[in-house]
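Below: one structure, written as structure tokens.
The figures here come from the full heavy-atom set of this structure, side chains too, leaving out hydrogens, waters and symmetry mates. Residue numbers start from 1 in every chain, and the chains themselves are labelled A, B, ... in the order their sequence lines are given, proteins ahead of strands.
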Amino acid sequence: MTPEEAAAVRDRVLNVIGHELRTPMTTLRGLAEALADAELDEIRAEIGPAIVRSARRLERLLDDLLVAADVTSTLPVGDPRPLRVDDALRAAWQRTGATDELDIRAQGEPWALAQPEALDRVLDNVLDNAVKYGREQPTVEIRSDGRQVEIDVHSPSDLVHPDEVSLVTEPFFRGYHAVTVAPGLGLGLTVARELTRLAGGRLEFAGQPGPEALTRIMLPCPPDPA
Amino acid sequence: MSVPLRILVADDEPDVRLLLRLQLDSRSDVEVVGEAGDGAEALTQARALQPDAVIVDLLMPKVNGFELIAALQEEQPAVGLVAYSAVAGDFVREEMRRLDVELVLKSGDITQLVEALHRSHNTGKTSK
């Protein structure tokens with residue numbers, strides 16, 4: 001990379017970080033000010049959870065930046081354990097704020113051996129992408145042979161150019177069309193890929209005819225989930 | 001007492017919409033008549049509600065803010081438009097100048113946004 005290219009990447013990253021930090025910080029400040037002024041209990045009841053959401057968004061942003069920089073001090077702690085992937089997907093889908101049920105089709109027992117918080121972050125990041133950039137609700141297929149579970153998240157989307165597919169999981173990459181649709185650091189799939197790798201699995205991204213974006217998460221199965 | 005300005009809020013962040021609603025509802029010169037979480041919904045709402053002015057977030061799914069501005073300038077030339085963004089690089093500032101749409105940053109005081117809404121509405125009434 002030439003110095004000019006490096007400077008361009010740095011400027012782009014700083015601009016995106018600026019936007020991603022500014023939005024929740026500004027919202028947080030505004031909500032706190034509104035809380036101080038609010039007289040009605042029902043307004044205060046709305047503001048409290050909104051403040052928490054903005055604060056959590058900032059925490060997640062900082063954690064993603066650290067993971068992308070190979071800083072491991074904020075990685076989830078705790079041992080991996082048998083987890084039902086379909087249940088984890090439904091919970092992650094609910095966290096996106098979606099009201100419709102997620103379409104999940106499973107073949108075999110949908111168990112994975114993973115640290116719960118890490119699996120949640122992987123699924124949160126993948127489903128957040130589907131919500132932000134998908135034309136319609138994603139659908140999920142789960143396949144397991146008892147040794148490895150594969151989770152395919154199909155998201156109808158024409159925002160990823162074929163030339164960009166190999167770059168989608170790279171840090172700070174954002175597609176040419178994606179940048180006009182939603183803000184983002186370009187770290188979601190990078191962090192999901194890294195957390196999946198640390199769990200002994202793999203995450204792959206592919207553009208498919210349709211067009212659609214396919215994110216495949218592969219994780220080890222527990223030896224005896226029962 | 002003058003009639004409050006009727007405002008449509010278009011922003012894909014629910015908490016931004018909540019904050020704007022709280023801040024604007026506390027004032028007597030503006031009234032939030034609708035909210036939209038994406039540009040397509042904003043167009044539908046604008047056609048149904050015929051607001052006096054629209055707060056337009058620029059990055060939104062389905063139809064983004066730039067596309068929404070172009071559509072509203074075509075369909076409802078008298079509606080006031082204010083672009084509302086967390087940050088604004090050179091491209092955004094120049095594009096808003098080209099489109100003759102006032103730009104307000106989200107970090108500013110709510111008074112700045114309200115004054116811009118009134119200006120945009122008055123401009124819409126006199127020039128279109």
Side-chain angles (χ1 to χ4, degrees), chain A residues 11-12 14-40 42-58 96-99 128-136 157 159 174 177-184, chain B residues 9-27 32 35-42 55-71 83-93 95-96 103-114:
Chain A
D11 289 347
R12 184 168 60 83
L14 286 174
N15 265 319
V16 172
I17 288 175
H19 181 281
E20 283 297 279
L21 281 175
R22 211 111 192 264
T23 299
M25 275 307 303
T26 300
T27 306
L28 200 54
R29 177 175 57 78
L31 288 167
E33 287 170 350
L35 186 66
D37 293 336
E39 290 178 359
L40 296 174
E42 43 265 43
I43 295 177
R44 294 166 78 92
E46 264 190 297
I47 295 174
I51 287 176
V52 171
R53 282 193 296 270
S54 281
R56 282 200 177 132
R57 184 172 161 181
L58 279 168
T96 67
T99 49
D128 277 348
N129 263 20
V131 168
K132 274 200 292 197
Y133 305 118
R135 283 195 317 275
E136 300 158 18
S157 172
L159 291 179
R174 301 202 66 225
H177 294 294
V179 294
T180 67
V181 166
Chain B
V9 176
D11 196 303
D12 63 329
E13 301 262 1
D15 290 337
V16 171
R17 294 198 305 272
L18 167 64
L19 180 58
L20 280 174
R21 180 164 49 80
L22 291 170
Q23 290 171 323
L24 296 175
D25 279 353
S26 68
R27 299 180 61 106
V32 176
E35 295 180 22
D38 61 64
E41 189 185 349
I55 299 171
V56 182
D57 178 31
L58 294 177
L59 290 184
M60 290 190 289
K62 295 185 186 170
V63 173
N64 63 38
F66 301 93
E67 294 163 334
L68 175 62
I69 288 169
Y84 196 52
S85 182
V87 294
D90 290 343
F91 169 78
V92 168
R93 291 170 198 252
E95 188 66 2
M96 290 305 114
L103 173 66
V104 173
L105 293 184
K106 290 179 179 177
S107 54
D109 187 76
I110 193 64
T111 310
Q112 294 176 353
L113 174 60
V114 173

B:Leu19 side chain near A:Thr26 side chain, heavy-atom distance below 4.5 Å
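SC-SC contact between B:Leu19 and A:Thr26 ruled out.
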Please tell me if the side chains of A:Thr27 and B:Glu13 come closer than 4.5 Å, counting only heavy atoms from C-beta onward.
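With C-beta onward as the side chain, the pair stays apart.
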Kindly compute the distance separating OG1 (A:Thr23) from CG (B:Leu59), expressed to the nearest 0.5 Å.
8.5 Å
Between the CG atom in B:Asp15 and the CZ atom in A:Arg57, the distance rounded to the nearest 0.5 Å is 8.5 Å
Using non-hydrogen atoms only, which part of A:Ile43 is less than 4.5 Å away from chain B: side chain, backbone, both, or neither?
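It is the side chain, since no backbone atom gets that close.
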Please enumerate all residues that pass salt bridge (charged side-chain N to carboxylate O under 4.0 Å, His left out) together with A:Arg29, with sequence neighbours excluded.
A:Glu33
